[in-house]
There are 2 protein chains.
Amino acid sequence: MYQIKSRIWIEGDKGVFLGEGRIKILKAIELEGSLSKAAKSLGMSYKKAWNLVDSINKNASIPVVITNTGGSGGGGTKITEYGLKMISAFENINKNCWDFLDQQLKELQL
Amino acid sequence: MYQIKSRIWIEGDKGVFLGEGRIKILKAIELEGSLSKAAKSLGMSYKKAWNLVDSINKNASIPVVITNTGGSGGGGTKITEYGLKMISAFENINKNCWDFLDQQLKELQL
DNA sequence: GGGCGTTGTTTCCTGCAAGATATAACGAAA
DNA sequence: TTTCGTTATATCTTGCAGGAAACAACGCCC
C-alpha cells in the first residue's frame, strides 16, 4: 500500500561522482565503445552525456573512463577495470539499500 | 574522501506521500499552527507549500493534517497524532538509511 | 452584517535547465 | 595531406517548473 523509494549517489570533492544516471551512461559506453553512440542509444543529448562523464572524471581518484579523440574511427571512450568495479559496487549498494528500506517500512506497519 | 548520500520518499497510490520537503513543511506547520505562516518561515511560496500538503492528504490513509478555514484568526492547520508519528517514523528510517549506507561504503574501501 | 486572516484556486510571468545547433581539435590511416 | 568520426566546447533557443500576484470562500467575533 505504501511504497518506499530512494535514490543514492556518491560525491567527491568537486560534485557528484556516481549516481543512477551516471551508471546508466557508463554501462551504455561499455556497450557502444563511444560516448556519442552511448548517448544516442539512451536518447540523451550528447551534451548531457558529456557533462555526466566530465563530472565523473573530475571526481574520480582513479580513472574511470579513457577517452581517445582523433584517430581512425574518430576515437572512442572505454571503461577502465576500476570503472567496471565501481559500476558493480554502486549497483550492489543500491540494491542493498532498497532491501534495507523495504525491511524498515515493513517493520513499521504504517 | 567519497561521501554517499541519499534521498528517500514514500509513495501512495496517487503520488508522493512523504519526503524530506514534506516532512519539513509538516514540522513548520506544527510549530506555526498555519500553513501560510509555515511557508513564510521556510521562505517557500504558499502555493508550493499547499501543493505539498495537498499531495500528503491525497495519499494518506489516515488524516495527517486538519485544516480549518474561516473563523477567528482565519483558521489554521494542525498536525494529527498520526501525522506526528509519521514524521518521527520517516526521520527514523532516514537516519537508519544514512547509517546503513555509510557502513556499506566503508566496507568497500573505494 | 462587516472585518479579519486564514485556506483554496486561478492566471500570469519569468528564470533556468536542457535541448538543438554549430564548430574546432584531434590523430590514425589511406 | 585529405578524409573521417569522434571528443570537446560555445552559443542560441525554448519548454516548463515554480514564483508572484490576485481573488474567492469561509466562519468566528465584535
Side-chain angles (χ1 to χ4, degrees), chain A residues 5 7 9 11 14-17 19-60 63-80 82-83, chain B residues 5 7 9 11 14-60 63-80 83:
Chain A
K5 308 212 170 176
R7 299 203 70 166
W9 66 96
E11 293 191 8
K14 296 163 191 169
V16 176
F17 172 45
E20 286 184 18
R22 289 166 175 81
I23 293 295
K24 210 168 166 187
I25 191 72
L26 285 179
K27 291 177 90 172
I29 290 170
E30 187 194 357
L31 203 63
E32 303 283 345
S34 97
L35 178 54
S36 64
K37 280 181 193 160
K40 193 168 296 177
S41 79
L42 296 177
M44 180 187 296
S45 69
Y46 175 81
K47 190 175 97 171
K48 180 170 181 182
W50 186 87
N51 281 334
L52 290 174
V53 171
D54 186 53
S55 70
I56 294 171
N57 286 331
K58 281 205 175 80
N59 286 286
V64 167
V65 299
I66 301 291
T67 64
N68 281 302
T69 131
S72 77
T77 303
K78 301 282 180 213
I79 312 291
T80 63
Y82 177 72
Chain B
K5 307 211 171 178
R7 299 202 72 166
W9 66 95
E11 293 190 9
K14 295 163 191 170
V16 177
F17 172 45
L18 283 181
E20 285 183 18
R22 288 166 175 82
I23 292 295
K24 211 168 167 187
I25 192 73
L26 286 179
K27 292 176 89 172
I29 289 171
E30 186 192 359
L31 202 64
E32 303 283 345
S34 99
L35 178 54
S36 64
K37 279 181 194 159
K40 193 168 296 178
S41 80
L42 295 178
M44 180 186 296
S45 70
Y46 176 81
K47 190 174 97 170
K48 179 170 181 181
W50 187 86
N51 281 334
L52 290 175
V53 171
D54 186 52
S55 71
I56 294 170
N57 286 331
K58 281 205 176 79
N59 286 287
V64 166
V65 298
I66 302 291
T67 65
N68 282 301
T69 130
S72 77
T77 302
K78 301 284 181 210
I79 311 292
T80 64

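Remember, predicted model here, so these are calculated numbers, not experimental data. The chains referred to below are lettered A, B, ... by the order of the sequence lines, with proteins before strands, and numbering in each begins at 1.
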Please report, to 0.1 Å, the donor-acceptor pairs under 3.5 Å made by any side chain of residues 21-38 of chain B, with sequence neighbours excluded.
unit_1, atom_1, unit_2, atom_2, d
B:Arg22, NE, B:Ser55, OG, 2.9
B:Arg22, NH2, B:Ser55, OG, 3.1
B:Lys27, NZ, B:Glu91, OE2, 2.8
B:Ser34, OG, B:Ser36, N, 3.4
B:Ser34, OG, B:Ser36, OG, 3.3
B:Ser34, OG, B:Lys37, N, 3.0

Can you name the atoms? Protein N/O to nucleotides 24-30 of chain C N/O, anything below 3.5 Å, with the distance.
unit_1, atom_1, unit_2, atom_2, d
C:dC26, O2, A:Gly70, N, 3.0
C:dG27, O4', A:Gly71, N, 3.3
C:dG27, N2, A:Gly71, O, 2.8
C:dG27, N3, A:Gly71, N, 2.8
C:dA28, O4', A:Ser72, N, 3.3

Would you grab the first and last nucleotide of DNA chain D (5' to 3') that comes under 4.0 Å of any non-hydrogen atom in chain A?
->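 That gives a stretch of D:dG5 to D:dT11.
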Just list the side-chain donor-acceptor pairs under 3.5 Å for residues 65-73 of chain A, sequence neighbours left out, or say none.
none

Set of side chain to side chain contact (heavy atoms under 4.5 Å, CB included) partners for B:Glu11, sequence neighbours left out = A:Lys5, B:Trp9, B:Val16
Show every donor-acceptor pair shorter than 3.5 Å between a side-chain atom in residues 44-51 of chain A and any protein atom, with sequence neighbours excluded, or say none if there are none.
unit_1, atom_1, unit_2, atom_2, d
A:Ser45, OG, A:Lys48, N, 3.2
A:Asn51, ND2, A:Lys47, O, 3.4

Who are the salt bridge (charged side-chain N to carboxylate O under 4.0 Å, His left out) partners of A:Lys78, not counting sequence neighbours?
->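 Once residues adjacent in sequence are excluded, A:Lys78 has no partner under the salt bridge (charged side-chain N to carboxylate O under 4.0 Å, His left out) criterion.
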Under 4.0 Å from any atom of DNA chain C, heavy atoms only: list the residues of residues 23-57 of chain B that qualify, in numerical order.
->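 Nucleic-acid contacts, sorted: B:Ser34, B:Leu35, B:Ser36, B:Lys37, B:Tyr46, B:Lys47, B:Trp50.
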Sorted by chain and number, sequence neighbours left out, side-chain hydrogen bond (donor to acceptor under 3.5 Å, both in side chains) with A:Asp54 holds for A:Lys58
